[in-house]
Amino acid sequence: MARRQVSIGRSSGTTLTDQAYHTLRRAIIEGELEEGTFLSGPEIMKQYGIGRTPFREACNRLLHERLLNVVSRRGYFVPEISFRTVREWLEVRVLVEGLVAALAAQRATPEQIREFERIAEGSWESSDSNADYARRVKSNTAFHLYLAKMTRNRELERLTETILERTERLSYLELRRSSVGGPQIRMLHAPIVEAVRRRDPLAARRAVIADIRNGERDLFTQDFSDDDFVKWFAPKGGAVSRTESVPETNSGKGVGPAKGNGTQAARAPASTTKTER
């Protein structure tokens with residue numbers, strides 16, 4: 001990937017710190033600034049046209065979001081995503097988005113279902129080029145966000161949006177480790193659309209979980225097994241039925257770093273990368 005030469009100037013309603021933050025955040029998420037390496041302040045500021053104060057304040061915000069780490073007297077570096085962190089994020093996606101899909105199948109209006117179909121088709125069409133990572137991630141995010149919107153639960157919408165923002169880096173990693181394109185995304189998204197169209201909450205939940213687990217296979221080369229799910233979530237002294245069910249409602253039916261070309265000077269200490277289990 002060629003280095004971007006970006007000069008950021010003041011625009012209406014946006015501070016230089018805001019612009020620096022969004023520029024660096026995007027570079028980290030997309031893998032342009034490599035994982036596991038230190039940010040060289042002077043080089044980064046020159047490359048992106050960022051001043052010293054906006055750079056420092058933007059890095060502090062990214063540190064708070066855990067997109068950067070800091071080493072005393074060394075500076076900021078882009079942390080590699082640990083195995084444990086990925087598994088935790090994917091567990092949350094399975095639980096939350098599984099519920100979202102089930103509620104969407106029960107509550108979506110006919111107009112929303114038609115719009116959902118249109119968004120799904122757009123995600124398939126925009127994924128024909130394996131090099132078009134950013135566009136594919138954006139289309140996939142729009143698909144899952146609209147699924148949450150169909151629940152007509154604003155808290156679930158906000159929670160889903162937060163989860164997708166936190167896992168955006170994983171989407172880029174997944175795309176780089178696989179050759180997923182339009183046909184593959186259609187194969188994963190079409191069953192979700194069909195289940196919502198048929199008002200089948202259980203099928204919608206299973207289809208969304210299958211989509212998430214497919215991404216996990218691309219990242220780990222193995223997925224959560226049903227036995228793992230039972231082991232983690234079975235109540236003490238009891239068991240979880242392997243036949244899943246969705247609670248009835250008033251409506252009736254009842255889860256390797258990206259390679260970029262950043263300008264960092266040195267690798268982060270080995271002890272900071274991928275050591276969690």
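Quick note: residue numbers are just sequence positions, from 1.
With respect to Arg84 and Glu88, a salt bridge is recorded, a charged nitrogen being found less than 4.0 Å from a carboxylate O. Salt bridge status for Arg169 with Glu80: absent, with no side-chain N to carboxylate O gap under 4.0 Å.
Aromatic ring pairs are classed by plane angle as parallel below 30°, tilted from 30° to 60° and perpendicular above 60°; the pair Tyr76 and Phe55 is perpendicular. Aromatic ring orientation, His189 versus His144: perpendicular (interplanar angle above 60°, classes split at 30° and 60°).
The cluster map of Ile, Leu, Val, Met, Phe, Trp and Tyr, joined by side-chain heavy atoms under 4.5 Å apart, puts Leu164 and Val96 in different clusters. Cluster membership check: Ile209 does not share its hydrophobic cluster with Leu145, using side-chain heavy-atom separations under 4.5 Å among Ile, Leu, Val, Met, Phe, Trp and Tyr.
More than 12 heavy atoms of other residues, nucleotides or ligands sit less than 6.0 Å from atom CZ of Arg158.
Residues Ala105 and Arg199 come closest through the heavy atom pair O-CD, 3.1 Å. Annotation for Ile212 and Glu97: closest pair CD1-CB, 4.1 Å, computed over non-hydrogen atoms. The minimum heavy-atom distance between Ala102 and Pro201, with the atom names listed, is O-CB, 3.4 Å. Residue Ala195 comes nearest to Ala204 through the heavy atom pair CB-N, 3.3 Å, listed as atom of the first residue, atom of the second, then distance. The two atoms that bring Ala120 and Val193 nearest to each other are CB-CG2, 3.7 Å, heavy atoms only. The two residues Pro54 and Ala20 have their closest heavy-atom pair at O-CB, 3.9 Å.
Taking CZ from Arg166 and CZ from Arg93, the interatomic distance works out to 13.5 Å, rounded to the nearest 0.5 Å. The CZ atom of Arg25 sits 11.0 Å away from atom CG of Leu68, with the distance rounded to the nearest 0.5 Å. Taken from OG1 in Thr151 to CZ in Arg107, the straight-line distance is 6.5 Å, to the nearest 0.5 Å. Considering CH2 of Trp89 and CD1 of Ile81, their distance stands at 5.0 Å, rounded to 0.5 Å. To the nearest 0.5 Å, atom OG of residue Ser40 and atom CD of residue Gln47 are 10.0 Å apart. With rounding to the nearest 0.5 Å, the separation of SG in Cys59 from CD1 in Ile44 is 8.5 Å.
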I'd like to know whether Lys46 forms a salt bridge (charged side-chain N to carboxylate O under 4.0 Å, His left out) with Glu43, so could you lay out the CA-CA distance, the side-chain angles of the two residues, the decisive distance to 0.1 Å, and finally the verdict. CA-CA 5 Å; Lys46 180 179 179 181; Glu43 292 184 23; over 6 Å; no
From CA spacing to verdict: side chain to side chain contact (heavy atoms under 4.5 Å, CB included), Tyr21, Thr15: CA-CA 10 Å; Tyr21 161 77; Thr15 67; over 6 Å; no
Verdict with reasoning, Ile50 to Leu24, per side chain to side chain contact (heavy atoms under 4.5 Å, CB included): CA-CA 10 Å; Ile50 298 172; Leu24 294 179; 4.0 Å; yes
Side chain to side chain contact (heavy atoms under 4.5 Å, CB included) between Glu168 and Arg26, intermediate numbers included: CA-CA 10 Å; Glu168 193 173 5; Arg26 178 55 48 192; 3.0 Å; yes
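Remark: side-chain polar atoms of Thr109 are paired, donor with acceptor, to backbone N or O of Gln112 under 3.5 angstrom.
Here the side chains of Arg66 and Thr85 are not in contact, with every heavy-atom distance at 4.5 Å or above.
Residues meeting the side-chain hydrogen bond (donor to acceptor under 3.5 Å, both in side chains) test with Arg197, sequence neighbours left out: Glu117, Glu194. With sequence neighbours left out, Arg118 forms a salt bridge (Lys or Arg N to Asp or Glu O under 4.0 Å) with Glu115.
Each of Val196, Leu156, Ile119 was checked for a side-chain contact (heavy atoms from CB on, under 4.5 Å) with Leu147, and the lone residue meeting it is Val196.
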